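Remember, it's 1-based here, ligands and their atoms both numbered in the order they're listed. Residue numbers count from 1 along this sequence. In this text, all values refer to a predicted model and were calculated from it rather than measured experimentally.
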Amino acid sequence: MLHEFTRSPRIAYFSMEIALASDIPTYAGGLGVLAGDTLRSAADLALHMVGVTLVSRAGYFDQKIDSIGRQIEAPQTWEPSDHAKPVCAKVSVQIERRTVWIGAWLYPIKGLGGAEVPVIMLDTDLPENNVEDREITHFLYGHDAAYRLKQEIVLGVGGIRMLQALGFEITKHHMNEGHSALLGMELLHRHSYHQRDLRPGEALYDLPVVRSKCIFTTHTPVEAGQDKFDYAMVNRIADGEFMDLREVRKLAGDDTLNMTRLALNLSDYVNGVAKCHAEVSQRMFPGYHVHAITNGVHPHTWTSEFFATLYDNHMPGWRHEPEQLVRIDQVADNAIWDAHKNAKQQLLDRVKETTGKTLDPTLPTFGFARRMTAYKRPDLIFTDLERLRSIAKKQPFQLVMAGKAHPYDTNGKQLIKILHDHLRELSDDISVVYMPGYNMNLALELVSGVDVWLNTPLRPLEASGTSGMKAAFNGVPSLSVLDGWWLEGCIEGVTGWAVGNSIVGNESNDVQDFYSKLENIVLPLYYTDRAGWIALMKGSIGRNASVFNTHRMIRRYATEAYML
Ligand SMILES: *Cc1c(COP(=O)(O)O)cnc(C)c1O
C-alpha cells in the first residue's frame, strides 16, 4: 500500500492542521484549509509530496450558539479508521523522560488525474502509552503550553522518524508555520558528528546541510502570534535524545524557545503568504530574506457545482489550468447570472433549514464568515446602526454571517455575542442571520451564494486571507479592507471594492468609507445596472480566480523553493 508512495523522493509538507474534508475536523481555519488545498493541488498536478500532521481525534470543536448568542463548545470526535488506513510502523520520542510511542494513519488525497498524495496522521493514542500521553494527539490547539510543546515534538520529531520508518526519501521539508520547527533539531541531530577534543555530549552540527533541506512559510505578522516556550518547561519536557539545549538556544533565542526564530534559522528558503505580508515579515526579521508567494485556493474544491458546470462547458481544462478562466468574458451574461442564482438559492435554502429564517432571493446579500477573533473586526459594519438602517431603507439588503471563536479566545466569543445583539436590534429593518458550525461545506455555500463577500480586518494583521479568493471562483466580488491578498487582487470597480486606505495605523476612515461605498456604489450598481454587476462578477473570475489559486501557488513553490 505504501510502497507506491516511497518509490520516488518526495517533498514533506508539515502542518499542525490539514483540512482533508469538511467532515474530518482536523482544521481550525485558514491555515488548515490552505494546507489541504496545497496538497489537493499537488495531487492534481501529480507532484511528489507527502503531508504530515496530527490525527486530532477530538477535532477542533463543535459549535452551537444558544438563544442569547453564547458559543457552546463540544468535542468533535472522529474515527480515523472510518477515513484512513493504519500503517504498521511505530516510532517513539522522549517526552518528560518517558518513551512515547507514535503510530500513524494514511490518508491518500486523490488528484483529478488519478495521482495521489499521501498524508501521514500521527497518533499517540496507543495502548503502550499512559493515559496522559495517549491524549497528546487528541485536541487541535487544546490545553496549555506544555501540551502544545508535546504536540510539536510529536509533529516535528515524531514526523521525521515516522517518514523514515515508512521508507520515505525526503528531499525538502516544508514547514507550514513554525509548529513543526523541531523537525530541524531532529535533522541536525542526524547531521552531527563528534570529535575527540569536544566535551562529552558536545557535537558539531552541519547546519548548512539541514538548512538546504528546509523551507519555512510564516503566517503571523505579529510577534505576539508566535509560538514561544520557556526554557524551564522545555528542559522538563523535551530534554530527550534529540535536543541539544545549548544548540536550541543558539537557534531559537536565548530567553525563550521561539518556534518562528527556530524555523527561520533552520531554513534556506523563507516566505510570507502575500507580498505585503512578506514585507511586514521582512521588517520583523531583519537579517533574513523573506520571499513572497501569495496564497491561493484549490479550484475544484472552492467552485460551486453551478459554476463548475459552466466552466466545464466553456473552458474545459480549467481544473488543471485555472489560467483558462481569463476567457470568462466569452461566456454569456445570462449563463453567469443563472449559475449565481442557483448557488444563491442553495444558500438561502440552507439558511431556512438551519435558522428557520426566509431570506429574499431578490435582495443583495452580503457574506461575512471567518474565525471570530478581534483583529478580523466582524463588528465593524455595525458601528453605526442608524446609518445602516437608513441605507437599508432606500436600498434593502441582507447579511449572512458565520464563524467559530477559539474556546480560550474570550474576546472572540464576546464578538459572537455582540453580533447576535446587533442581529436582534436590527431585526425589524435588516435581516441578519448567523449560521453556527462554520466548516468547509458551509464556507462553500456562503462564498458562492452571497452577492458580495466582506472582509474588514485590522491592517496589517490579515497575512493573506483566502475566503475572498474562494468567492472569486464563484463570481462573487469582495468589498474589503486593503490588507493581505486584497492589496494584490483589488482593482477598484473591476474585481470588487476597497474599504479605507492601505496605510497601516490609519483605520479611522474604514467605517465611513464602508458605509459610503455600500450606499453610493455597491447597492446602486446592484439595483440599477445588472450588466455592470455581471461585468464585475466576470472581473473577479477572470482576473482573480485565474491567479489566486493553489495550482499557481504550488508551481511557484516547486520552481522557487523545492527545486533549489
Ligand atoms: C477558507 C476558510 C477559512 C479562512 O478564511 P479567511 O478569509 O482566510 O479568514 C476559515 N475557515 C474555513 C472553514 C474556511 O473554509
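For H83 and W78, the gap between ring centers is short of 6.0 Å. Under the 6.0 Å cut-off for aromatic ring centres, F366 and F397 qualify, their centroids lying closer than that.
Those atoms of ligand 1 with a heavy atom of G465 less than 4.0 angstrom away are 8 (O). Close approach of ligand 1 to N439 is summarised as follows: ligand atoms under 4.0 Å from at least one heavy atom of the residue are 13 (C). Ligand-side atoms of ligand 1 in range of K470: 1 (C), 2 (C), 3 (C), 14 (C), 15 (O), range being under 4.0 angstrom from any heavy atom. Residue G29 approaches ligand 1 through these ligand atoms, each under 4.0 Å from one of its heavy atoms: 10 (C), 11 (N). Within the listing of ligand 1, atoms 15 (O) sit less than 4.0 angstrom from a heavy atom of A443. Each of the atoms 3 (C), 4 (C), 10 (C) of ligand 1 lies under 4.0 Å from some heavy atom of G30.
Here the straight-line distance linking atom CD of Q71 with atom NZ of K417 works out to 13.5 Å at 0.5 Å rounding.
Checking H298 against T550 by side-chain atom types alone, no donor-acceptor pair falls below 3.5 Å.
In terms of protein heavy atoms, atom 11 (N) of ligand 1 is closest to Y438 CE2, 3.4 Å.
Residue N455 does not touch ligand 1, judged by heavy-atom distances below 4.0 Å. Here S467 has heavy atoms under 4.0 Å from ligand 1 in both its backbone and its side chain.
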Given the rule in the salt bridge (charged side-chain N to carboxylate O under 4.0 Å, His left out) test, do K404 and E73 qualify, once you have shown the distances and angles that lead to the verdict?
-> CA-CA 10 Å; K404 293 177 173 181; E73 298 132 18; over 6 Å; no
Verdict with reasoning, H174 to Y557, per ring-ring contact (aromatic ring centres under 6.0 Å, His included) = CA-CA 10 Å; H174 187 166; Y557 279 109; 4.9 Å; yes
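Of the N or O atoms in W302, none lie within a sub-3.5 Å distance of an N or O in ligand 1. At under 3.5 Å, a nitrogen or oxygen of T466, whether backbone or side chain, sits near a nitrogen or oxygen of ligand 1.
No heavy atom of F368 sits closer than 4.0 Å to any atom of ligand 1.
Taking 4.0 Å as the cut-off between side-chain N and carboxylate O, K517 and E492 count as a salt-bridged pair.
In this structure, R370 satisfies the cation-pi test against F368, with its NZ or CZ atom closer than 6.0 Å to the six-membered ring centre and inside 45 degrees of the ring normal.
A side-chain contact (heavy atoms from CB on, under 4.5 Å) with W453 is found for one member of S448, S480, S467 and no other, namely S467.
Of the options M469, R371, K376, the smallest heavy-atom separation from atom 9 (O) of ligand 1 is shown by K376.
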